[in-house]
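As C-alpha cells, the structure follows; a few thoughts come after it.
In what follows, every heavy atom counts, from backbone to side chain, and hydrogens, waters and symmetry copies are set aside. Lettering of chains follows the sequences in order, A, B, ..., and the numbering in each one begins at 1. Here the structure is a predicted model, which is why all the values come from computation and not from measurement.
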There are 2 protein chains.
Amino acid sequence: MTLSEENYLKAIYHLSDTFDGGISTNAIAEKMKTKASSVTDMIKKLSEKELVNYRRYKGVELTVEGKLVAANIIRKHRLWEVFLVEKLNFTWDEVHDVAEQLEHIKSEKLINQLDEFLGFPKRDPHGDPIPDKDGNVSNHTDVLLMTLNKNDKGIIVGVKDSSSSFLKYLDKQGIALGKKIKVIDKEPFDNSMKIRIKKEEFTISQQIANNIYIKK
Amino acid sequence: MTLSEENYLKAIYHLSDTFDGGISTNAIAEKMKTKASSVTDMIKKLSEKELVNYRRYKGVELTVEGKLVAANIIRKHRLWEVFLVEKLNFTWDEVHDVAEQLEHIKSEKLINQLDEFLGFPKRDPHGDPIPDKDGNVSNHTDVLLMTLNKNDKGIIVGVKDSSSSFLKYLDKQGIALGKKIKVIDKEPFDNSMKIRIKKEEFTISQQIANNIYIKK
DNA sequence: TTTAATTTTTAGTCTAGTCTAAAAAAATAA
DNA sequence: TTATTTTTTTAGACTAGACTAAAAATTAAA
Ligand SMILES: [Mn+2]
Ligand SMILES: [Mn+2]
Ligand SMILES: [Mn+2]
Ligand SMILES: [Mn+2]
C-alpha cells in the first residue's frame, strides 16, 4: 500500500459518504487535485488489488476490503489529531496537515498504543467520529445548525468544514465543541441566524450555520 | 527535501561519524542497500542543492547545511524513539523501524512540542545523544566495554548495535542502561569477559563487549 | 434521433529513484 | 612502469505517479 494509493482510497471513502452510487472519475480528480487521467490509472491499479469495483465509464465503489483500509487510515488521522491537541498543545486548526502525514505511518502496535494512551477517544478535535480497528464508525445522528428553528436548543458537537480559516473564525466568536447553543431568531431572507452561546447573542451567516453539527 | 534525499544525508552523516575524509560511493551504497550507480545519481542531486561537497571519484562530505539537515532528522528519529518507549510502552528493540518512518514527518512545531512533552530528553532509549535544534550533539566521552580492564568499574550508558536481536540478548542477560558493571576477569585468548552486574556474574564474548558503551 | 457537450479513457511524455551492463578512472600488484 | 583489480561513473532501461492532448463513450440538447 503506497502513500498515493492510501490517499485515493481515503478520498473515495469520503466521497462515498456524501454521494451514493459509483464515485465519478472527475469527483475523485477534483478532491485529490489531480487530473482525471491520473485517476483512471490509479483506479485500475486499485481495481487489480480488489480494493475498488470498477467498470469503465461507470465510476468506482470501494470493496469491503477497500473500505476497511480507508477507515483505518481515517482512524489513524483522527487519533493523531487528538494526540496533537491533547498532548502537544496544538490548536484544532493546526492539526490537519500534520495528521495528513502521520496517517501513513505503518505500525499496528503504534496506533493501538496511541489509542490507549489517549484514553480511547470517540471523536477527534473537530467532532468527527474515530473508526474502531474493524472500521466501524458510530454513525452520528447530529444535525446541522442550519436545520434548527427559532427557540431550538442543542449542543455543538462537530464541524463539517475543518479548514483553518473556519476554525479560527469559530475561536474568535467563542464557538467551541461542547457549548450549549440556542437559536434566538432566524432570518428567512438570507437564512442568517441570531444565536445565543453563554448569554452572548450574535448573528451568523447561513454558510457558518451549515458547517456546525448540533446534538439536540 | 524528499524522503530518499533525507535518508542519504542521514547515511552520510553516520558514516562521517565513523570514518573521516570523504565518504565513498560504495560505503553509502552498502549502508543504504542500494547500488553504487544509484548513489552517484543521488549525490549529484545533493551536490546541486549544496548539501554535500562532491568531486568525481573523490567521495563526498556534508556541507554545514547538509550536516544540519541530517542532524535534524536524527533528532526527530531519537525523540520519537523516546516517545515510543516512554509513552507507548514499546520495548527498546521495537522502536527503530517505526522511528525510521516518523523521522520524515515535517513539522517544526510537532518536534519541538514533542521534545517538551518528553521533558527535553538528552538520550534515546539506546543511549544515543539527541541533537538539539541547531544540530549540536553532546559528544559523549563514553568508552566501549571491551576497552575496560580487570577490576575496572563503570555504568552502562549506551549500545553501539541497536539491532533487535542484540537488544533482546541484553534484556535476557539483565544488561540495561544505567546499571553498574564491574569487570571480574578478562580472557586474553578470545577477549571474552567475566562481568558482574548486581551481584550476578557471567561471561560475555568480545562481540558483546564491543557493542556496549560505558561511563567510567 | 441526430447533434452537441461533457466525461472518461487512451496514448504518449516526464521526473524521481532504482537497476544492470559497460566504460572510465584510480588504486594495487607485478 | 606496465598490467591487473577495484571503484566509480555513465549509458540505457524500468516503474510509479503525474501530466497534456487526442480519441472514445456517455449524456444532454435540439
Ligand atoms: Mn483532519
Ligand atoms: Mn478531523
Ligand atoms: Mn533507531
Ligand atoms: Mn536509537
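- One can place CZ of A:R55 at 12 Å from P of C:dT9, the figure rounded to the nearest angstrom.
- For residues 16-44 of chain B, proximity to DNA chain D is found at B:S24, B:T25, B:N26, B:A36, B:S37, B:T40, B:K44, defined as any non-hydrogen atom under 4.0 angstrom from a strand atom.
- Atoms CG (B:L46) and C1' (C:dA16) sit 13 Å apart, rounded to a whole Å.
- Atom-to-atom, OH of A:Y57 to P of C:dT6 comes out at 17 Å; the value is rounded to the nearest Å.
- Side-chain N/O atoms of A:R56 include none lying less than 4.0 angstrom from OP1 or OP2 on D:dT26.
- Between B:D17 and B:K31 there is no salt bridge, since no side-chain nitrogen of the basic residue lies less than 4.0 Å from a carboxylate oxygen of the acidic one.
- B:Y54 has a side-chain polar atom (N or O) that falls below the 4.0 Å cut-off from OP1 or OP2 of D:dT9.
- By the 30° and 60° cut-offs, the orientation of the rings of A:F166 relative to A:Y169 is parallel.
- Side chains of B:D93 and B:T91: a donor on one and an acceptor on the other come within 3.5 Å.
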Would A:D124 and A:H77 count as a side-chain hydrogen bond (donor to acceptor under 3.5 Å, both in side chains) if you check the C-alpha gap in whole Å, the side-chain angles of each, and the deciding distance to 0.1 Å?
-> CA-CA 9 Å; A:D124 81 1; A:H77 182 104; 5.8 Å; no
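- Distances shorter than 4.0 Å separate some side-chain N or O of B:S4 from OP1 or OP2 on C:dT18.
- A:R75 pairs with exactly one of A:D128, A:D134, A:D115 by the salt bridge (charged side-chain N to carboxylate O under 4.0 Å, His left out) rule, that one being A:D115.
- Other residues, nucleotides and ligands place no more than 12 heavy atoms under 6.0 Å from the CG atom of B:D20.
- Rounded to an integer number of Å, the gap from A:K58 NZ to C:dT9 P is 11 Å.
- Between A:Y8 and D:dA18 there is a side-chain polar atom (N or O) within less than 4.0 angstrom of OP1 or OP2.
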